[in-house]
Trainee: 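The structure is given below, and queries will be raised subsequently.
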Amino acid sequence: NSYYGINFEATCNGEKLTCIISGEALQEVNKRMRQTTAEEQFLSAVEGLKNIVTRKVLNGEIKNNTIVITTKNIQQH
């Protein structure tokens with residue numbers, strides 16, 4: 001299993017944001033998918049990750065057009 005995370009792009013009010021999710025956070029999203037690749041983990045969790053990004057945008061948790069998703073964010077979701 002890869003410990004690399006995933007970066008993906010989101011758009012909010014016409015502004016492009018870089019979203020970074022760590023490999024550890026990916027593994028927390030769907031624990032049954034821990035033995036799969038980071039890409040497979042990401043694809044299985046897209047909807048939940050979109051919700052987390054939306055919440056972080058609404059809370060103003062954007063720094064330099066970047067949103068970082070950690071295991072803490074997954075556990076709070």
Side-chain angles (χ1 to χ4, degrees):
N1 188 15
S2 172
Y3 288 97
Y4 296 104
I6 296 280
N7 294 354
F8 60 98
E9 190 174 273
T11 303
C12 178
N13 297 327
E15 191 171 337
K16 291 184 180 182
L17 304 172
T18 300
C19 302
I20 302 168
I21 180 167
S22 70
E24 291 174 342
L26 275 174
Q27 291 185 350
E28 286 296 315
V29 173
N30 185 347
K31 294 181 181 185
R32 295 178 309 208
M33 298 284 292
R34 283 187 173 185
Q35 300 304 315
T36 63
T37 66
E39 182 179 10
E40 290 169 318
Q41 292 170 22
F42 172 77
L43 292 173
S44 76
V46 168
E47 291 307 314
L49 295 173
K50 285 181 185 178
N51 292 335
I52 292 170
V53 168
T54 299
R55 186 177 70 234
K56 289 178 96 47
V57 167
L58 293 173
N59 290 338
E61 298 177 46
I62 303 169
K63 188 171 188 176
N64 299 322
N65 288 346
T66 301
I67 293 176
V68 178
I69 301 172
T70 64
T71 55
K72 181 179 178 182
N73 301 128
I74 301 300
Q75 292 164 351
Q76 292 173 344
H77 181 69

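The first residue of the sequence shown is numbered 1, and numbering continues consecutively from there. Below, all heavy atoms of this structure are taken into account, side chains as well, without hydrogens, waters or symmetry copies. Only a predicted model underlies this, so the values are computations on that prediction, with no experimental measurement involved.
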Trainee: For residues 5-20, which side-chain N or O atoms pair as donor and acceptor with protein atoms under 3.5 Å away, sequence neighbours left out?
Mentor:
none

Trainee: Between CG of L49 and CD1 of I67, what distance do you get to the nearest 0.5 Å?
Mentor: 11.5 Å
Trainee: Do E28 and R34 meet the salt-bridge criterion of a basic N to acidic O distance under 4.0 Å?
Mentor: yes
Trainee: Working to the nearest 0.5 angstrom, can you tell me the gap between E40 CD and L26 CG?
Mentor: 11.5 Å
Trainee: Run the side chain to side chain donor-acceptor pair (under 3.5 Å) test on T54 and N51 for me, step by step, so that the C-alpha distance in whole Å, both residues' side-chain angles and the decisive distance to 0.1 Å come before the verdict.
Mentor: CA-CA 5 Å; T54 299; N51 292 335; 5.4 Å; no
Trainee: Determine whether I52 and V68 fall in the same hydrophobic cluster, where Ile, Leu, Val, Met, Phe, Trp and Tyr are linked whenever their side-chain heavy atoms lie under 4.5 Å apart.
Mentor: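 No, I52 does not connect to V68 through the hydrophobic network.
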Trainee: To the nearest 0.5 Å, tell me how far Q27 CD sits from M33 CE.
Mentor: 11.0 Å
Trainee: By the salt bridge (charged side-chain N to carboxylate O under 4.0 Å, His left out) test, which pairs, at least two apart or in different chains, include something from residues 58-77?
Mentor: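 Listed once each, the pairs are K56-E61.
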